[in-house]
Amino acid sequence: MVGMMASYSRERLEGLLSSAKSATELPPKLHRLRNLRRNLQGDEFVFPTELLPHLFDLLSDQFGAVRKFVVEILGEIGLKYVELLPEIVPLLIKSLKDETPAVARQVIACGADLFRSTLERVAVQRLHSSELNELLESSWTWMIKFKDEICSAAFKQGNSGVKLCAMKFVEALILLYTPDPSGSLQSSSHEGIQADFNISILRGGHPVLNIGDLSIEASQKLGLLLDQLRHPAAKSLNSSTIVVLINSLSSVAKKRPAYCGRILPVLLSLDPLSFLKGVHAAATNLSLKTVFLSCWKCTHPAAAPWKERLIGALKEIEGGGRAGKAKDLFYKTNGSIQDKDSVEDTKVSVEKNPTCASSVVAESNFGRKRSESEYSIDLNGDALSGKRARITPSVSENSSEGLHGNDGGSLTPVTSTSTGPSNSRGVTDTGPVQHLVAMFGTLVAQGVKAIGSLEILIPSISEDMLADVVMANMHNIPSNGSTYGDGTDELVMNMCIVGTDAQIKYPPSFVSAVLSLSTEFPPIAALINPHTPKTENEGEELCADHVDQQMFPAEGTVLATGLSASSDASFPENEECNIVFPPYVHYTGNIESGIPGLDSSAQHDVLSEALVTSVLDSTDVETASKNHISSFSGKLLVDVVPSVSVDKSEEFSPKAAGTGSDSLVLSTATSVASAPQFVLPKISAPVVDLSDEEKDSLQNLVFLRIVEAYKQISVSGGSQLRFSLLAHLGVEFPSELDPWKILQEHVLSDYLNHEGHELTVRVLYRLYGEAEAEQDFFSSTTAASAYESFLLTVAEALRDSFPPSDKSLSKLLGDSPFLPKSVLKLLESLCCPGSGDKVEKDLQSGDRVTQGLSAVWSLILMRPGIRNDCLKIALQSAVHHLEEIRMRAIRLVANRLYSLSFITQQIEEFAKEKLFSVVSCISSEREDAETLNDDCKQVLTCTPKQFIFGVDLDTSSEATSLTSVTEAQRCLSLYFALCTKKHSLFVHVFSIYKNTSKPVKQAIHHQIPILVRTMGSSSELLKIIADPPSGSENLLMQVLQTLTEGPMPSSELILTIRKLFDTRIKDVEILFPILPFLPRDDVLRIFPHLVNLPMEKFQVALSRVLQGSSQSGQVLSPSEALIAIHSIDPARDGIPLKQVTDACNTCFAQRQTFTQQVLAGVLNQLVQQIPLPMLFMRTVLQAIGAFPALSDFILEILSRLVSKQIWKYPKLWVGFLKCAQSTQPQSYKVLLQLPPPQLGNALTKISALRAPLTAYASQPEIQSSLPRSTLAVLGLVPDSQGTQTSQVQVSQEQVQASQEQQHASESQQTTQSQQVSVPLSHSEPEHQETSQVVASQSQSSPIGTGRSEMSQSQSSPVATGRSEMSQSQSSPVATGRSEMSQSQSSPVATGRSEMSQSQSSPVATGRSEMSQSQSSPVATGRSEMSQSQSSPVATCWSEMSQSQSSPINNGQSEMSQTQVSDSDPPAPTSHTRISDSQASSEMQPDDEKIDDTATTENETTEIEKSRESSAEEGEDEEEEEEEEE
Amino acid sequence: MRFRYAMVCSSNQNRSMEAHALLKRQGLDVASYGTGSHVKLPGPSLREPNVYDFGTPYKQMFDELRRKDPELYKRNGILQMLKRNLSVKLAPQRWQDNAGDGVFDVVVTFEEKVFDSVLEDLNNREQSLMKTILVMNLEVKDNHEEAAIGGRLALELCQEIEGNESWEDTIDDIVAGFEKQHRRKLVYSISFY
């Protein structure tokens, strides 16, 4: 059946093959081949050899994939049917050179499998039969050929894919050819599991395979591999080859540690950077790093000496990073062990109670032992110099491994344990120290005799050296018996108790000496006698014995015995080795303790069942230990052994090294120079099962205890390092237990004394590093959150527990590596406490804000990374709704931050945004647009007044808008603050002003004074002022107002404002602020504009002009102002007459300023003007009304008017008559001076005058003086036409005469009034009457309102006037009079009092004029008098008199000329003229002449024109007045 | 040349799955693994991560998390990620535990730690097949955005390799070109099966 099957299959397979062959497409071919392969894999299937040729044919198929597949199939066949190999292999060899790399690679892969299996078969067959199958043998020869082919591919240039595989093959070959030291002892020859094949099974001898030859070959191949990596050759390799080479070598080194000595030097010397660039170097470096790390982890003794260099190389590669990690890793594991131990220790110490259960004691003993061993190592690590410290890892790792092994209960690891530590010992080349140790050992061994020398020796050794010696001996502390845990005393006791017979021999004195020494040098003590037979269980005892024997053999034990005990006859090489070294070994045997023979023999005892292979191991160890001794002794006795072992054997060529692989191993080991010195006892692990909770609480306790211990740290110092440790500990601590909380509590319990800041910062940095380093999703986020919560908790605690002035928080934030959002939020809440926040209630909230702000400030300065966030906080705070907070923040922002160039822009933008937001949001808040507009208008109109009068804006605003005012202030204040820093920003305030709502405007006006005062009139501000956006006039006004409030506004400012007035803003109000500072001419020039203003504004302007500035005094005197008003021509200046009259009224209302004298002076001046000012008579009337005492003076004026033919000015003529009427009866005289026709006219106009006048004229003395024509008019004489006309001339003359007469009478009257008060009082009622008349008259006129106001306002000056009077007059008579006037009606009293006060100055001046014409002596006296009186009036008078004289002389035409000249030249000229006339009367004629010439030069046409125009104007004025009436 | 690719990150959730999904969509023969000991996903608080064993189906995680707090996991993108993952394969797989998955030609890792783990694992395996395996490390941060970028880069890299008959000869150039083009460091090593 089977045969049938087979034949069937065969046929089928043949069919498949042939069809595969014939198929032209790749897929069907492969498909068929796959089918074939499936069929071939059947177990019971016997391969038909006939198929082979078909397959071979397919090897030359056109498709690479097919060829590859066929190779695969052939490989499988070869594995199964070794006998077919001789046929298959040649073809495979051929295929090795296939042009498709994949095929070649497949060939190599197959080759590897085939080679391995064949080798195995060959090797195993020997075990079963002495004869080797011929077929197998031929297969093997073919395989060797195949192998050689592949190897050659590995070492020549070529396709790198193939080469890589070939190299891998070589690696496998090396591994196959060398014994696996770590291979399991029960190496089964189980087929198929090739991993278990170990060449060491050939040790028994093999006809074909010589293990020595094989290892030589392996060594050669390794050499070839290494050669490739050596400097010149490596250059030509590509990086993938190098990577694979390195990886292969590393795996060889790992699996065959014996080769470490050859491989590692090459790898270590490989500097990829020197000949590779970029990527290649990176890849190479990486694999090197991996290799080094794995080698470093390798525990094999052969690797040990390289660890130091490996770490160095790793550091070099990674800049220390990885190596550091490796070390960290180590310390971590080590540390954790230690931790556990210390936990146990603690427990023990806590429960150190004799009544404790024995089991506990035992446990603790174990624990202690273990911990002690760790301790000793650690101490080593700590105290030794750096070089040695680097070695310790290997020691402790081994030892811990040893522990592990012991735990497992198997004894085999003991070997490794014993070898492990020895390495460290062996490598230490601290020559002098070892020397000393040895010397101590020798001395102690000598016993009593040595006491003296010991005593001499010890003090002579330097402390450092002693310490080194102690450290060096730490290795030698036996783990059993003597323990530190029990304290030194106990140790000593132990030692005493533990004494062997050797101890007994020594006298007590020596023992005590040794003991004292031993307390100082426990290791030495341990060296002397650590034997502790008691309390050990069986296993341990065995172990301890083992150790003891190893360390303290009986003196004089000869090596030979050890050798004879240990050496196996089957290993001649071993003996060879022994032969090489005996002398030293022998010698050292006496001094040192380690006797390998005993060691191994002990081992042999235990491992009686051990396989032969393990024997090899033990011999390895043994030889190694011997070598160590030799090297050790070599150092001790330098002369004797100059050069045995210190060399690194990397360059040992296999041939030179010896005859076999063992020798090779040996040579390597020689360099390693290790000896078993330190053996850990077998300890059954003290396993205490703790529940998770218990573990947690234990850990917590430990941590707490550690933290508690830190409270004393500051005293002892060194906190810097320790803090790092603590932080590190926290990171390593299980996070469930929340070590951070404990730390936080510690930190916060006493922040200052516990150096909380430092510790916190350490912790933060540690956590931050953790968070940054870990790329793992989870752990980084965990660390980040731990970081965040730690920082936040501490920060919050700092905030809450420290006063605001404390800088800790700021410092902490500044020093932390990173500020998460939550912390920024904390800062924000500090800087901008929200409403309803409890912080607000805190009294210190302001200081808190300052604290927060200062932190923010420093953060902005120091941490560019979060600068924006911090700035945002500061800015938010700067627009905080609480003013106090806002102000603090603004101070920070404007004063400190704004000057930082990198954030200036941002601050500005933010402020601007807020500024503009005010326009949009606040105005939109109010939906009622109309009321808004109304409000605005109201504000606009009332604002100037308000600010001028200093009315608080808030009081006028409604309550509802108050909130938005504060809101506006909230948004604006930052910007204003910035404006003070950068004035050009101010322009935006102007530009938004127009569109802002009322509350915003209020807010702005509120701030402007402070702001502008701070800014001063800088050039930027002037620039803004020079070109203000439209709509900002009110704001501008306030700005100007504020600017001029100060001392003296700069000339630039004045210039700017004037320019502005001239060019852009025609509103004269803009000039108000600078009015006092303007030159007189300018003021006069703009005076019409001022008059044109509403009355209250004019009042303001007037007061400013009159008041002037403190420096320059008043700009205009009151009289000048009044004259200026009168000189306004409504038609010419385009100002309504009403405005002018109002202005006059305003002036009259201010009786303090416009006093009687002023008025008199003004009238005197005005009366000389030609033509007379339009409002002249009105003013005269007003003057009479205001100051009845002026009536005499006014009468004089009236008479002068008569002489000026007042009737020619129709309007004034009316006023004249009114005036005459109001001043009757004194005016009769004047009236009578009128030419008869005019008199008639007057009497017809005011018929009421006729009767009294006639009555007056009918008085005989007067009638006689009157011309007939006048009398005729009065009806006193019959009328005659002829006389009337003829009398015209006469009447003119009479007028003059009467004038003079009038003067005389007036003076008489005044003197009378001066002398006697009775007549004056007599005239009082008359005055009263007239004033009443005036009042009634004015009431009837449309101007009445102004008048009435005036009369109203008159009530107040009265009182003052009176008081003045009483002040000036000290005589009892005067007082009495004042009392009298009080009882009288007020206007009268004023009039009188003023009169008496001023002592009738106009009269005096009148006299002075007169005096010019009169005799001189009197005149001088009089003029002096007038000078002593108020000057302006006097001067005016004198000038008037001059000009008066001219018209009389030159006639009418001259008069018109002077009118022109009067109107043309500006006021100052006349002023100077006045002063001139004041200075000397002689100068006056000259001046007059100049003036005359100037006027005569004028062309007559012009004069006529002006005359015409003035006439026209006069008509116009008339019309206007009529209209008004 | 058809290669087999493996994408490996630590949890086989984010980066490797992103690349896996991408490569799969492009028709490459790809698998993905993680090298960590557990699959960890962010939880409600940072102290309470969601820990799963490898092999827990994505669907199960998805359902569980959606039940727990749909808002949270939607917000941090976990649900979307899991949804994507469950459309790619059943469950996260651990690299070390899946040696039986067969032979890969190219392994792309996204983190040095993972790279090292993969190499170590490969070295610990019996290397008898004489078959090269290219292990490359492309550093990609473990977040969604970077993972998307990393996935595209991995795809590009694999396509580049795919275009070659045998990468052994050209790998240096490929790596150099890639580094130059993307300004990212790329480290590779070669191991054997």
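Note on naming: letters A, B, ... go to the chains in the order of the sequence lines (proteins, then strands), and numbering restarts at 1 for each one. Keep in mind that the numbers below use all heavy atoms, side chains included, and drop hydrogens, waters and symmetry copies.
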Under 3.5 Å: donor-acceptor pair, side chain of A/Asn247, backbone of B/Ile190: yes
CA sep, side-chain torsions, deciding dist, call: A/Arg105, B/Glu168, side-chain contact (heavy atoms from CB on, under 4.5 Å): CA-CA 11 Å; A/Arg105 288 208 300 267; B/Glu168 283 94 338; 3.4 Å; yes
Within 6.0 Å of NZ in B/Lys68, more than 12 heavy atoms from elsewhere: yes
Counterpart residues, side-chain hydrogen bond (donor to acceptor under 3.5 Å, both in side chains), relative to A/Ser95 (two or more places apart): none
Side-chain heavy atoms of B/Phe192 within contact of A/Val244, under 4.5 Å: yes
Side-chain heavy atoms of A/Ser251 within contact of B/Asn123, under 4.5 Å: no
